[in-house]
*Asks:* 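Before anything else, here's the structure in question.
The model shown is predicted, which means the values in this text are computed figures rather than measured ones. Each ligand, and each atom within it, is numbered from 1 in the order the structure gives.
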Amino acid sequence: MKITFYGHASLGIQVNDVDILVDPFISGNPKASHINIDTLKADYILVTHAHQDHILDVEAIAKRTGAVVVANFEIATHFEKSGIECHPMNHGGTWDFDFGTVKYVNAIHTSSFPDGSYGGQPGGFVIEGEHKNIYIAGDTALTFDMKLIPLQTKLDLAILPIGDNFTMGIDDAILASDFVACDKVLGYHFDTFGYIEIDHEVAKRKFFEKEKDLMLLEIGDFIEL
Ligand code: NI
Ligand code: MN
């Protein structure tokens, strides 16, 4: 499984020869200006919630690639109106896709479309493929519901927001890492704009002091599990 960071909360996941994008907000992120959305491959686009900084490039990429949008019922209904193929899910639901299994799990946040219309309840994803298990938290506060995940899934990587203000910050993400029983963390949702700027060295040191590994990727860089 290969995971590429496209800035903010945008990820590319390659698993079993399938290309997945998560929350593509790239063309609106000046820090990601070297990423061209017209060249990104996508068989699926996973969307955690309806905020602009998670859906901005969904429509353009889905229409170019024919990717299937996987999201909660309200977001799926929204994109289906634009002629995009969607797979609706809701909290607690799991589905076997051709690349692996996806479970839509709880997040504590809000979820409205840019025009203010209702985007359903926000979520995160637990993805299992190529015998690797990852958790993509989405925008969320620290929540006890995270403790449910390791009851069923032994995670290889937790992708957690760490930028604070709109989501968990660093200290809560360390607790989240305990809750999901995974000490290997990829941080996201930081530095994109002023409210969520973090000190990378402080963040990494705090994780290190708890014997955890926080990875912060440059935009466009990837890791392999
Ligand atoms: Ni959000
Ligand atoms: Mn966000």
*Asks:* Kindly confirm whether the Mn ion (ligand 2) is within less than 2.8 Å of some N/O/S atom in His51?
*Replies:*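 Of the N, O and S atoms in His51, none lies under 2.8 Å from the Mn ion (ligand 2), which means no.
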*Asks:* Between the side chains of Thr101 and Asp96, does any donor sit under 3.5 Å from an acceptor?
*Replies:*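 Checked: Thr101/Asp96 side chains pair up, N/O donor to acceptor below 3.5 Å.
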*Asks:* Name whichever N, O or S atom of His51 ends up nearest to the Ni ion (ligand 1).
*Replies:*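 Output for this pair reads ND1.
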*Asks:* Tell me whether Arg205 is salt-bridged to Glu201, with the criterion being a basic N under 4.0 Å from an acidic carboxylate O.
*Replies:*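 No.
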*Asks:* Restricting to N, O or S atoms, which atom of Asp139 is closest to the Mn ion (ligand 2)?
*Replies:*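 Answer by atom name: OD2.
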*Asks:* Check the angle between the aromatic planes of His78 and Phe113 and answer parallel, tilted or perpendicular using the 30° and 60° thresholds.
*Replies:*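 Correct class here is parallel.
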*Asks:* Restricting to N/O/S, name the atom of His109 that gets closest to the Ni ion (ligand 1).
*Replies:*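 This residue's closest N, O or S atom turns out to be NE2.
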*Asks:* To the nearest 10 degrees, how large is the angle at the Mn ion (ligand 2) between Asp53 OD2 and His189 NE2?
*Replies:*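 The two atoms subtend 100° at the Mn ion (ligand 2).
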*Asks:* So, do Phe25 and Thr192 sit near enough that their side-chain heavy atoms are less than 4.5 Å apart?
*Replies:*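 Yes, close enough: below the 4.5 Å cut-off.
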*Asks:* Would you check if there is a donor-acceptor pair between the side chains of His49 and Thr110 at a distance under 3.5 Å?
*Replies:*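 There is no such pair (donor and acceptor under 3.5 Å, judged by atom type) between the side chains of Thr110 and His49.
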*Asks:* Could you tell me whether the Ni ion (ligand 1) has an N, O or S atom of Asp53 under 2.8 Å away?
*Replies:*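 Not a single backbone or side-chain N, O or S atom of Asp53 is under 2.8 Å from the Ni ion (ligand 1).
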*Asks:* So, 2.8 Å as the limit: is an N/O/S atom of His54 located closer than that to the Ni ion (ligand 1)?
*Replies:*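 It does not; every qualifying atom lies at 2.8 Å or beyond.
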